[in-house]
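Note sheet for the following structure.
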2 protein chains.
Amino acid sequence: MVQYLSPPLDLSFAALSDATRRGIIDQLGRGDASITSLADKFQMTLTGMKKHIQVLERAGLVVTQKVGRVRTCKLGKRGLKAEAEWIEAHRKLFEARFKALDEIIREMKREGSDDSS
Amino acid sequence: MVQYLSPPLDLSFAALSDATRRGIIDQLGRGDASITSLADKFQMTLTGMKKHIQVLERAGLVVTQKVGRVRTCKLGKRGLKAEAEWIEAHRKLFEARFKALDEIIREMKREGSDDSS
DNA sequence: TAGATACTGAACTAGATGGTTCAGTATCTA
DNA sequence: TAGATACTGAACCATCTAGTTCAGTATCTA
């Protein structure tokens, strides 16, 4: 996609664009889990779940650690701060835009209704 | 991806996962724009830009209207409310999780340091 | 130490994505 | 009314995605 600014946001929003992965984050919020237990919970092959975990891990949303034969997944410490900030800044931008439009409409109505002349 | 819950979040997070599309939202925050002007600004073919706009439109983040031969793009009224809510709820979930871990670590240190016996 | 369990990696699939070009059609403007 | 402008749509391409199966390897457990 040419523009290489903010690769982390690219990765994390892409990670969040899938309902299964959002579900995994939900689940890890309730407690750490192995890949096998997550695969069971989401009715998917181990390999399929591993791929989802890799996507979340590349985005920094999840970290994993292998102890013995079990790889345990938990929420990443970096959290969703950057994403929350982007969304919040732009939510305000949306609102400001509509406030500006309301202003214009109000202006047009005032002129149209001929109240002031 | 099997799980059909919350398609809107799927679509909007996917729309936001591309730097060009986030740039388009930035731009539309500063004022409405035609597809041609956006294509110029982002150095892309008209057709390429049209596809990005379609992605944003399907996600409800942008609305367009054709007047004469010009299609004007503006920010959608639905804003980023649902996305902000999901992110905020889960940001808290991340934090709660780490608070719980801190608690455990503090507990372990207390037992380990043998201060209390 | 044999068998079960937990993961890993390669290979394959169908379908989406982010772009392009090229050939229209519709609308404006001189 | 001719030419320029603004978009639209089809077709193509390379790459990614979300899944699968199958064949390992490593680690536990009886």
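Note that the structure is predicted; figures quoted are calculated from it, not measured. Residue numbers start from 1 in every chain, and the chains themselves are labelled A, B, ... in the order their sequence lines are given, proteins ahead of strands.
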Subject >> Heavy-atom pair of closest approach, residues A:Asp10 and B:Ala19 >> reply: OD1-N, 3.6 Å
Subject >> Heavy-atom closest contact (A:Ser12 atom, A:Arg78 atom, distance) >> reply: CB-NH2, 3.5 Å
**OP:** Identify all stems in which DNA chain D takes part, counting only runs of at least 3 consecutive pairs (Watson-Crick or G-U wobble, each distance under 3.5 Å), and give each as one range with another, ordered by first number.
**Re:** C:1-30 with D:1-30
**OP:** Grab the two heavy atoms, one from B:Phe98 and one from A:Leu75, that are nearest each other, plus how far apart they are.
**Re:** CZ-O, 3.4 Å
Subject >> Between C1' of C:dT17 and NZ of B:Lys50, the distance in whole Å >> reply: 16 Å
Original post:
When all nucleic acid strands are considered with a 4.0 Å heavy-atom cut-off, which category describes B:Ile35: base, sugar-phosphate, or nothing?
Top reply: sugar-phosphate
Original post:
For A:Ala15, does its backbone N or O pair with a side-chain atom of A:Arg21 as donor and acceptor, under 3.5 Å?
Top reply: yes
Original post:
Can you check the B:His52 NE2 to C:dA16 P distance for me, whole Å?
Top reply: 18 Å
Original post:
Given atom CG of B:Leu38 and atom P of D:dA6, what is their separation to the nearest angstrom?
Top reply: 13 Å
Original post:
When all nucleic acid strands are considered with a 4.0 Å heavy-atom cut-off, which category describes A:Gly68: base, sugar-phosphate, or nothing?
Top reply: sugar-phosphate
Original post:
Which one, C:dA4, C:dA11, D:dC12, comes nearest to the side chain of B:Lys51?
Top reply: D:dC12
**OP:** Answer whether the closest heavy-atom distance between the side chains of B:Met44 and B:His52 falls below 4.5 Å.
**Re:** yes
**OP:** Kindly say whether B:Leu16 contributes a backbone atom to a donor-acceptor pair with the side chain of B:Arg22 at under 3.5 angstrom?
**Re:** yes
Subject >> Separation of atom CG in B:Leu16 from atom P in C:dG18, rounded to whole Å >> reply: 12 Å
Original post:
Considering heavy-atom distances to DNA chain D, does A:Arg69 or A:Gln43 have its closest nucleotide positioned more toward the 5' end?
Top reply: A:Gln43
Original post:
Atom CG of B:Asp10 and atom C1' of C:dA16: how far apart are they, to the nearest Å?
Top reply: 13 Å
Subject >> Interatomic distance, A:Asp40 CG vs C:dA6 C1' [rounded to whole Å] >> reply: 11 Å
**OP:** Test for a donor-acceptor pair under 3.5 Å between the base of D:dG9 and the side chain of B:Thr47, counting only N and O atoms.
**Re:** yes
Original post:
Separation of B:Leu46 atom CG from C:dG24 atom C1', in whole Å?
Top reply: 14 Å
Subject >> Residues, nucleotides or ligands: over 12 heavy atoms within 6.0 Å of A:Glu95 CD >> reply: yes
Original post:
Would you call the rings of A:Phe13 and B:Phe13 parallel, tilted or perpendicular, where under 30° means parallel and over 60° means perpendicular?
Top reply: parallel
**OP:** For D:dT27, take OP1 and OP2 only and decide whether either is under 4.0 Å from a side-chain N or O of A:Lys66.
**Re:** no
Subject >> Near-strand residues of residues 23-31 of chain B, defined as heavy-atom separation under 4.0 angstrom from DNA chain D >> reply: none
**OP:** Specify the separation, in whole Å, of atom CG of A:Leu56 and atom P of D:dT17.
**Re:** 13 Å
Original post:
How far apart are the closest heavy atoms of A:Arg91 and B:Leu80, and which atoms are they?
Top reply: N-CD1, 3.9 Å
